Peer 1: 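Structure in C-alpha cells, see below.
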There are 2 protein chains.
Amino acid sequence: MRIGELAERAGTTTRALRYYESRGLLPARRAVNGYRTYDEDDLRLLQQIRTLRDFGFELEETRPFVDCLRAGHPAGDSCPASLDVYRRKLAELDALIGQLDAVRTQVGAQLARAELEAGAALPGGPEPRCELTHNGPTD
Amino acid sequence: MRIGELAERAGTTTRALRYYESRGLLPARRAVNGYRTYDEDDLRLLQQIRTLRDFGFELEETRPFVDCLRAGHPAGDSCPASLDVYRRKLAELDALIGQLDAVRTQVGAQLARAELEAGAALPGGPEPRCELTHNGPTD
DNA sequence: GTAGTCCTTGACGTCGGCGTCAAGGCAAGG
DNA sequence: CCTTGCCTTGACGCCGACGTCAAGGACTAC
C-alpha cells in the first residue's frame, strides 16, 4: 500500500509517516515510480508507535518497541529494552503525578484562603494573616 | 535598583525580565542613561510572577495577579480574576492528573504482563494471550 | 587612557512533532 | 489533451519562555 492509505488506516497523516522515516523509525521500500510502499508489517509497527505516542511516549522512546517487532518478536514489548522504557516511564509518571498532586494541594489551599479573605473583607472584620509557602520550581 | 540586581534578588535572569517587559507584564521606568530602574514594588510583582510560574502557571495566567497587586490590593489573589485563574488551574490539574493516573495504570499493566510473558517464555510453557487495550490519545 | 563591569537593542537558536505551503512528477478516466 | 488525485522533495511556520550571541554605550576604578 502507499503512504496515504497507511496513514489513514493508522489514523495519522502522511506528514507524520515521512517524519518517522526521516528519524529512521519507519523506513519505506520504494516502487519503481519512487512512491513509498508499505505492507501489513509496517502497519503493525506504525500502530505500535501510535499507541505509545498516545500514551505520551516520546518518539525516541518507541524505538526499542519497533526494533523489537522488526526483530521478529510477537510483541513490541517482548524485549528487555522495551521493558526498561516501560519502567523509566512509570518512574517518570510517578514523579510527575507526585509533583502535580503537590501543586494541586498548594493551589487549592491558596484558593480556599483567598476566598475566605475575600468573604471576610465584606462583613467588616479585620483580615487574618496567612503566609504563602513556596519551595521552588515544579517543572 | 537596576535589572541585574532585581533579577538576582528574584532568582531569575535579566533576559526573563526583558521578556516580561516585552509582554507588558512588568514595565520598567528608565534612568537618564537609559537603564531600566525598578523599586521594591516591582520586586513584589516579580516574586508573584515567579511563584506562579514555579507552580506551572503560564505567563499570561499571572497577569491578573500582577494587575491585582498593581491596583493596590494587599495580595495578588485578592481579586476575582485571580480566583478564576486558580479555579481554572485546579480543573486543569485535576484533568491532567486523572489522565496521567489512567496512563500510569495502563503502562503498569503492560509492564506486568510483558514481564510475566518474558518469564513464562523461559520455563517452556505455552504463552497466555492478553489483548492490548487502547482508547485514543492522552495529551 | 583603559580595563572591567554593567547596561542597551536586535536577532537568531532551542525543543518536539509535526502542519502547511510550493513546485512539480505520475497514473487513470473522460 | 486535460483534469483530478495521489505522490515526491524542500523548506518555512508553530508554540512558550526564554538562552545566547553580537555590537556597542555607560560608568567606575585605577
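Chain identifiers are assigned alphabetically (A, B, ...) following the order of the sequence lines, protein sequences preceding nucleic acid strands; residue numbering begins at 1 within each chain. Computed over heavy atoms, backbone and side chain alike; hydrogens, waters and symmetry mates excluded. In this text, all values refer to a predicted model and were calculated from it rather than measured experimentally.
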Peer 1: Can you list, in residue-number order, the parts of residues 24-43 of chain B that come under 4.0 Å of DNA chain C, counting heavy atoms only?
Peer 2: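 Of all residues in residues 24-43 of chain B, the ones placing a heavy atom under 4.0 Å from DNA chain C are B/R30, B/G34, B/Y35, B/R36.
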Peer 1: Can you tell me how far C1' of D/dT8 sits from CD1 of A/I3, to the nearest Å?
Peer 2: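 Taking CD1 of A/I3 and C1' of D/dT8, I get 10 Å after rounding.
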Peer 1: For C/dT20, does the base pair up with any side-chain atom of A/R15 as donor and acceptor (N or O, under 3.5 Å, distance only)?
Peer 2: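 Flag set: donor-acceptor pair detected.
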Peer 1: Rounding to an integer number of Å, can you tell me how far A/L6 CG sits from D/dC6 C1'?
Peer 2: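 Taking atom C1' of D/dC6 as the reference, CG of A/L6 is at 15 Å.
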Peer 1: Check whether any side-chain N or O of B/Y19 sits under 4.0 Å from OP1 or OP2 of D/dG19, and answer yes or no.
Peer 2: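 Looking at the OP1 and OP2 atoms of D/dG19, neither is under 4.0 Å from any side-chain N or O of B/Y19.
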Peer 1: What integer distance in Å separates B/E61:CD from D/dG16:P?
Peer 2: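 Checked: the CD to P distance equals 11 Å.
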Peer 1: Calculate the interatomic distance between A/R18 atom CZ and D/dC6 atom C1'; express it in whole Å.
Peer 2: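 Taking CZ of A/R18 and C1' of D/dC6, I get 10 Å after rounding.
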Peer 1: Nearest-Å distance, CG (B/L17) to P (C/dT8)?
Peer 2: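 Computing the B/L17:CG to C/dT8:P distance gives 10 Å.
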Peer 1: Any side-chain heavy atom of A/E115 sitting closer than 4.5 Å to one from B/L83?
Peer 2: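 Side chain of A/E115 against side chain of B/L83, heavy atoms only: contact under 4.5 Å found.
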Peer 1: In terms of side-chain heavy atoms of A/E58, which of C/dG17, C/dC18, D/dC7 is nearest?
Peer 2: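 For the A/E58 side chain, the nearest candidate turns out to be C/dG17.
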Peer 1: Using side-chain heavy atoms (C-beta onward) and a distance below 4.5 Å, is B/Y38 in contact with B/L46?
Peer 2: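 No, too far: nothing below the 4.5 Å cut-off.
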Peer 1: Within the structure, does a side-chain N or O atom of A/T13 lie under 4.0 Å from either OP1 or OP2 of C/dC18?
Peer 2: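 No, no such contact exists.
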Peer 1: For residues B/D39 and B/R29, determine if any side-chain heavy atom of one lies less than 4.5 Å from a side-chain heavy atom of the other.
Peer 2: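 Of all side-chain heavy-atom pairs linking B/R29 with B/D39, at least one is under 4.5 Å.
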Peer 1: Distance check needed: D/dG5 P versus A/E8 CD, whole Å only.
Peer 2: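 So the two atoms are 15 Å apart, to the nearest Å.
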Peer 1: Mind listing the closest non-hydrogen atom pair of B/V103 and A/F55 along with its distance?
Peer 2: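 Closest approach of B/V103 to A/F55: CG1-O, 3.5 Å.
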Peer 1: Establish, with yes or no, whether the OP1 or OP2 oxygen of D/dC18 is under 4.0 angstrom from a side-chain nitrogen or oxygen of B/R53.
Peer 2: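 Yes, B/R53 has a side-chain N/O under 4.0 Å of OP1/OP2 on D/dC18.
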Peer 1: Decide yes or no for A/E92 and A/K89: does some side-chain heavy atom of the first lie under 4.5 Å from some side-chain heavy atom of the second?
Peer 2: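 Yes; the side chains approach each other to less than 4.5 Å.
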Peer 1: Specify the closest pair of heavy atoms between B/L59 and B/R23, including all atoms of both residues, with the distance to one decimal.
Peer 2: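 B/L59 and B/R23 have their closest heavy atoms at CD2-CG, 4.2 Å.
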Peer 1: From CD of A/E60 over to P of C/dC18, roughly how many Å is that when rounded to an integer?
Peer 2: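 After rounding, the reported distance stands at 12 Å.
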Peer 1: Are B/D67 and B/R70 close enough for a salt bridge, meaning some N to O gap below 4.0 Å?
Peer 2: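 Yes, this pair counts.
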Peer 1: Between P on D/dG5 and CZ on A/R2, what's the gap in Å once rounded to a whole number?
Peer 2: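 Nearest whole value for this atom pair: 14 Å.
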